[in-house]
Every structure is written in C-alpha cells, then in structure tokens.
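Heads up: the structure comes next, in structure tokens.
Note on naming: letters A, B, ... go to the chains in the order of the sequence lines (proteins, then strands), and numbering restarts at 1 for each one.
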There are 2 protein chains.
Amino acid sequence: MRADALKNHEKIVEVAAQVFSEKGLDAPIDDIATRAGVGAGTLYRHFPTRDDLIDAVVKSWMNQIDAAADQVVASGAPARVALMEWFETYVSRISRNKGGPAKITSAMGKSESPIYSKCETLRLANDRVLSHLRERGELRDGVDSLEVCRLIGGIAVVADQGTLPSDSIHSMLTVVIEGLVSSDHAVGDSSRE
Amino acid sequence: MRADALKNHEKIVEVAAQVFSEKGLDAPIDDIATRAGVGAGTLYRHFPTRDDLIDAVVKSWMNQIDAAADQVVASGAPARVALMEWFETYVSRISRNKGGPAKITSAMGKSESPIYSKCETLRLANDRVLSHLRERGELRDGVDSLEVCRLIGGIAVVADQGTLPSDSIHSMLTVVIEGLVSSDHAVGDSSRE
DNA sequence: ACCTGAACACCGTTCAAGT
DNA sequence: ACCTGAACACCGTTCAAGT
C-alpha cells in the first residue's frame, strides 16, 4: 500500500470514530470524507460499505470487553452480582455510539456481516461468563449464549432509541438475570438483610 | 370535510396498509401516494408525518390486542402459560409489519408521539394481564408494566431485524417469564413429569 | 496506483399553480 | 377548499478525468 493511501486510511478511521460519536453510526458518510480531507470516492475505495468502516472503528473496544468478562469471572462473585456487572458493561460498550446496539445485535450470528468478528468476540466473552457460572451450578439449564446476547442487545436497542429513566435498564436486566439463575439459588436467602 | 378529501383519506390509509405490509413501515411515502392515485402534497396534507399515517393504519389492530389480553386473563391459566401466550401474541402483533417493533417500542411512554395512544392500549392490555397474575401472587414484586413492554419489545426488535431460528423467540421469552414469576412458584415442581 | 469531485439516483418535503 | 406535480434539498454511490 502506498504511503498516501495508508495515511488516508488511518485518517478516515480516526475521523470516523469522532463523527460516529458525535452523530451516531448513521452519520452522513460525506461528513467523514470532508473532515478527513478526502474525496468521497477515496472513502468508498477503502471502505466499500458503512459496515466496513464501523468494523474498523469498533476494533479498539474489544480488548476492553474481553478484559471485563475475564475480570468478572476472576472475581468469583455470585451469579446475580456477576451477571449484573457483566451485562451493564456489555450494554454500555455496545451503546457507546448511537445506533450501535442495533447494528451489533442485528449482525449477531450472521457470518457474512463485515462486523461479524466483533460480534463473535462479544459472544465468546459472554460465553465465558455464562460457562463459568454454569460450572458452579448457578445457571438454569438450556440457556444459550447467543440468545442471551440477543436478549441483552434488545434491551440496549430499546435504551438507545430515546431516553429512558436511568434505572430502567437496571430493572430490565434484573428480570433477565432472575430468569437465568438456577432455581436452587433463586429463593431469596433472607439471611442477607 | 369535502367528499373528495374524505375519499382520498380513506384510500391513502387502505393503500398504506398494503404497502407497509409489503415493504415495511419505512416504505417510500411516494409509493403510497402513487398507488393511491394522489399527489405527494395531498398525502402530506392528510398525514403531516409518517407516524400520523402509521397511527391510522395501526388503529385496526388494537381491538385484537385487547381481546387477546382479556382472553388470557379469563382463561385462568397458570402464570407461565398465560404469560407465554400473551407475550407471543404481543410480539406477533407488533411485528406484523417490518419496522413495527422498533417504531412502537420506541414510542412507548412518549406522550408527544403521534402513535402514543396505540402504545397506551398495548401497555394497558399488558397491565391487565400482569395485574391479574399479581393478584394471584404469581408475580415477583417490583415488576413494572412499562418495563415489561420494553423488554418484550426489545425481543421483537431483535427478531424483526434479520431472521432468527423460529424457536429463538420462544427461548428468550422463557427467560423473561422465569424472571417475572414469583419465586414461590419458581422452583420446579417435579410432580409435573 | 491512488485520488478528486462532478454527476447521477433516490427520496422526503414544500409550494406555486391549478380546479 | 382541496389537489397536482414540478422543484428543491439531502445523501449515498459511481466513474471519468486527473496526478
């Protein structure tokens, strides 16, 4: 790749990250091209579809996701606490840009999507958390990791369109978590309070 | 209202229902105008925003929603069965047109939306089902009707974008339902099998 | 080999001119 | 009073012409 092409490529990704965070993932492509100082054709050469560009921008978040999942597993926290922490991280990461939850969740499990590998990273991180809890017998049987991603993604999508009361996400996550933990642990141990 | 205006109004709604079901709620407005045999300006006069048009089209579904909720309540079925039946109806109704789940769920609780009254109908129907189960002590405390609508709406949104395996919705609903039923009833009564 | 930007297409929305 | 449809705006995408 020629030096100017490489420079353009990097500049476009840098500017796209900025524009996406200001205007959301549906921001006009031309805004990005203009602010990156390149012609529209150049942007399309480097990133034929919007998803290719999103894929490049999203790349840097994924280490954080992995770290968060591993940390939750390492903490050894009980299922409810661990899941709430993990799911809140999950929601906040994919909601970093407006339109993110819808984009990411709709690409989940679609191997032909340009952002598929990022979705896989998410799904695998989620799988690690769930598997860990399942081994300890804290999870209901028949819980599928991909479905949990979609469920949490659905909550993030709803939260992303319009402003919800801030504790609303927490309440919805609570319902899902109660639905995930195994019934042996579900009955409130009143020794808590 | 003049006779020709009334006729146009009705024709537009009729054609819109057809076009929406073919191409989804994001179908080009002009397709509707053309097929209704009116100019674009006429359509905008009758329905200043897309949501006004959607509101008119959606109107006829709502009796079905009410009927379904009442029937579930009247059946006296146990919580899991009642909720699954109700939620499946809920999802299928709002998913009747592509883009429906997102439109409806994002308008939920926003009183300034042109389709607000339809969302209220949905929420109130949901509330009737939940209240009935709560009275019988089958529901966990602190469950808010609006949040449940958003949760189920989130599932419908995810299902609406891209084709999921057909039993995937059912699995996700199961998780939510397990999270909603009160723990007194949550422990598997093994007398079942 | 890569870049530019004018050109085209598509669609939402308005408004002057008609009846 | 209501309708028409040309006109404008906006944005995605392509491609002939440049370097």
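Remark: the backbone N or O of B:Val143 is paired with a side-chain donor or acceptor of B:Arg134 at under 3.5 angstrom. Side-chain atoms of A:Asp70 never come within 3.5 Å of backbone atoms of A:Ala67 as a donor-acceptor pair (strictly under, hydrogens ignored).
Atom C1' of nucleotide C:dA9 and atom OH of A:Tyr44 are separated by 12 Å, given to the nearest angstrom. Distance, B:Leu25 CG to C:dG12 P: 13 Å, rounded to whole Å. Note: CG (A:Leu43) to C1' (C:dC3) measures 12 Å, nearest angstrom. With rounding to whole Å, B:Arg2 atom CZ is found 9 Å from D:dA1 atom P. Summarising the geometry, the separation between NZ on B:Lys23 and C1' on C:dC11 is reported as 12 Å, rounded to the nearest angstrom. Atom pair A:Asp4:CG and D:dT19:P shows a separation of 15 Å (rounding to whole Å applied). In this structure, B:Asp31 places its CG atom 7 Å from P of C:dC11, rounding to the nearest Å. The distance between atom CD1 of B:Ile29 and atom P of C:dC11, rounded to the nearest whole Å, is 12 Å.
In this model, the phosphate group of C:dC2 is not approached by any side-chain N or O of A:His9 to a distance below 4.0 Å at OP1 or OP2.
Looking only at atom types and distance, the side chain of B:Glu14 has no donor-acceptor partner in the side chain of B:Gln18 under 3.5 Å away.
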Using nucleotides 4-6 of chain C, report all nitrogen or oxygen pairs with the protein that are shorter than 3.5 Å.
from: C:dT4; atom 1: OP2; to: A:Gly39; atom 2: N; distance (Å): 2.8
from: C:dT4; atom 1: OP2; to: A:Thr42; atom 2: OG1; distance (Å): 2.7
from: C:dG5; atom 1: O6; to: A:Gly41; atom 2: N; distance (Å): 3.1

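Every stem involving DNA chain C, taken as at least 3 paired positions in a row under the Watson-Crick or G-U wobble test at 3.5 Å, is listed here: C:4-8 with D:12-16, C:12-16 with D:4-8.
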